[in-house]
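What follows is a single structure, written as structure tokens, with notes after it.
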Protein chains: 2
Amino acid sequence: MNDSRELILNTSLRLFLQKSFKEVTMKEIVTETGMSKGAFYHYFSSKEQVFEEVINFFYGDVMAVKYGSFPKDSLRAFYNEYIAHIERQMKTAKYAMGADFTTNHYMLIFDGLRMLPHFREEHTERQKEEMKAWTDIVRIARKKGEIKSDMTDSQIAKMFIYSGDGVGINFIMSDSLHKAAREIHPLWDGLYNMLKG
Amino acid sequence: MNDSRELILNTSLRLFLQKSFKEVTMKEIVTETGMSKGAFYHYFSSKEQVFEEVINFFYGDVMAVKYGSFPKDSLRAFYNEYIAHIERQMKTAKYAMGADFTTNHYMLIFDGLRMLPHFREEHTERQKEEMKAWTDIVRIARKKGEIKSDMTDSQIAKMFIYSGDGVGINFIMSDSLHKAAREIHPLWDGLYNMLKG
DNA sequence: AAAAACAAACCGAGCGTTCGGTTTTATATT
DNA sequence: AATATAAAACCGAACGCTCGGTTTGTTTTT
């Protein structure tokens with residue numbers, strides 16, 4: 001229920017993934033939803049409010065990563081699941097918001113970090129969580145003999161995380177984020193094989 | 001000579017590194033330079049023109065990387081020089097534009113990619129150049145016996161490039177880009193030691 | 001009939017830009 | 001050295017327009 005409100009949210013999310021907060025205009029949101037300004041302001045009190053709801057929805061639901069459900073006894077299984085998870089998310093997001101279009105969620109993050117104080121905290125929290133999940137699985141993999149290395153657990157974790165982020169930002173810049181997973185896979189395999197011995 | 005023009009360029013660069021093109025206003029540029037709108041439009045024909053000159057200056061001069069002058073016979077020397085180079089650039093840039101402030105050059109890139117077609121081409125060219133420089137030194141290092149690995153040259157190159165980019169984007173998001181080099185160093189050392197065998 | 005959902009006309013603030021004019025600097029003339 | 005002339009540098013009020021937001025009016029639902 002409340003189709004209109006969700007339509008506005010989805011449309012706004014799509015626009016905020018394509019352009020910065022300032023670049024997306026009310027006229028645009030209203031035109032793309034096929035509604036009027038009156039309708040918009042019936043459901044939202046301001047452009048900033050819809051932005052906040054969009055960003056909370058995007059990072060709280062669409063892009064949320066539940067590390068708890070990831071494999072807990074193999075690094076290889078863990079990173080394979082991570083990649084599969086990302087690919088699933090992107091497919092779902094694409095389906096929910098219509099056809100293909102150029103996305104840049106870093107635009108959303110940058111705006112969020114500058115406009116919403118609570119988003120900065122949550123973002124830091126998410127980073128810590130990701131770091132912990134990777135460090136944990138690395139420690140376990142080392143203990144189980146799956147890998148061995150002179151690097152510390154957190155250094156290995158960082159190599160996975162940072163290389164993944166690097167692939168992401170580079171593929172976003174060339175408008176081909178959908179190919180990112182395919183790029184990461186062989187790189188993480190290579191990294192893993194080095195760690196194996 | 002032409003101090004005013006350069007003052008406008010430096011001030012605009014500083015602002016465009018802090019906020020997006022749309023967020024930076026003419027009033028702001030004019031106030032920060034201590035000049036008038038009339039003076040600005042004496043030197044530049046539009047806000048877009050100064051943006052284009054700023055971005056050309058930033059990527060053509062300030063942030064340009066001359067791989068040609070990098071060590072050509074050791075991967076370890078190469079990446080150490082790379083880090084030193086980045087640190088030097090950041091110090092120079094900071095000095096040229098006054099005191100400390102939060103920078104996010106990805107904002108600049110995103111705007112540039114969407115607004116300036118020629119920037120997209122140049123950016124792609126720069127990426128190819130970086131990829132070639134790293135692949136070359138990796139191939140040489142392998143041939144000389146400095147490293148050995150099952151990964152291809154370009155895969156190893158990508159691991160260095162992507163992990164560096166990942167560190168960059170993450171430290172930008174936490175407003176501490178100046179610490180990025182210190183984070184990369186141990187990671188690249190760890191990666192290098194694995195490659196050494 | 002009352003309330004919710006929407007549409008359309010409208011508003012003032014702020015945007016980038018323009019333009020008529022003044023001040024400063026450089027060059028030429030005496 | 002003093003004066004006249006021209007060019008460059010600079011100023012800020014005002015313009016047209018778009019922005020996010022509001023008000024008023026109409027339709028739909030309950």
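Here is how names work: the chains are called A, B, and so on, in the same order as the sequence lines, proteins then strands, and each is numbered from 1. This is a predicted model, so every value here is computed, not measured. When reading the values below, keep in mind they use all heavy atoms of this one structure, side chains included, and skip hydrogens, waters and symmetry mates.
Put simply, CD1 on B:Ile29 is 12 Å from P on C:dC15, counting in whole angstrom units. Atom pair B:Leu15:CG and C:dC15:C1' shows a separation of 16 Å (rounding to whole Å applied). Regarding A:Glu23, its CD atom lies at a distance of 16 Å from the P atom of C:dC15, rounded to whole Å.
Remark: A:Asn10 engages no residue in a side chain to side chain donor-acceptor pair (under 3.5 Å) (not counting sequence neighbours). Scanning for ring-ring contact (aromatic ring centres under 6.0 Å, His included) contacts around A:Phe70 gives A:Tyr67, A:Phe78, A:His85, with sequence neighbours left out. Scored by the side chain to side chain donor-acceptor pair (under 3.5 Å) test, B:Asn56 finds B:His118 as partners (sequence neighbours excluded). By the ring-ring contact (aromatic ring centres under 6.0 Å, His included) test, A:Tyr59 is found to be paired with A:Phe119, residues two or more places apart in sequence or in another chain being considered.
The salt bridge (charged side-chain N to carboxylate O under 4.0 Å, His left out) pairs that include a residue from residues 34-57 of chain A are A:Arg5-A:Glu53, where partners are two or more places apart or lie in different chains. Pairs passing the side chain to side chain donor-acceptor pair (under 3.5 Å) check and including a residue from residues 70-81 of chain A, sequence neighbours excluded, read A:Ser74-A:Glu146, A:Tyr79-A:Asp189, A:Asn80-A:His185, A:Glu81-A:Arg88. Screening residues 167-185 of chain A for salt bridge (charged side-chain N to carboxylate O under 4.0 Å, His left out) gives A:Asp175-B:Arg120, A:Glu183-B:Lys158 as the qualifying pairs, with residues at least two apart or on separate chains.
Taking five base pairs at each end of the helix from C:dA1-D:dT30 to C:dT30-D:dA1, the local helix axes there meet at an angle of 0°, rounded to 10°.
In this structure a side-chain-to-backbone donor-acceptor pair under 3.5 Å is missing from B:Gln49 to B:Tyr43.
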> Which letters describe nucleotides 9-27 of chain D, given B = protein heavy atom under 4.0 Å from base, S = only from sugar-phosphate, - = neither?
Replying inline: BSBB------SBBB-----
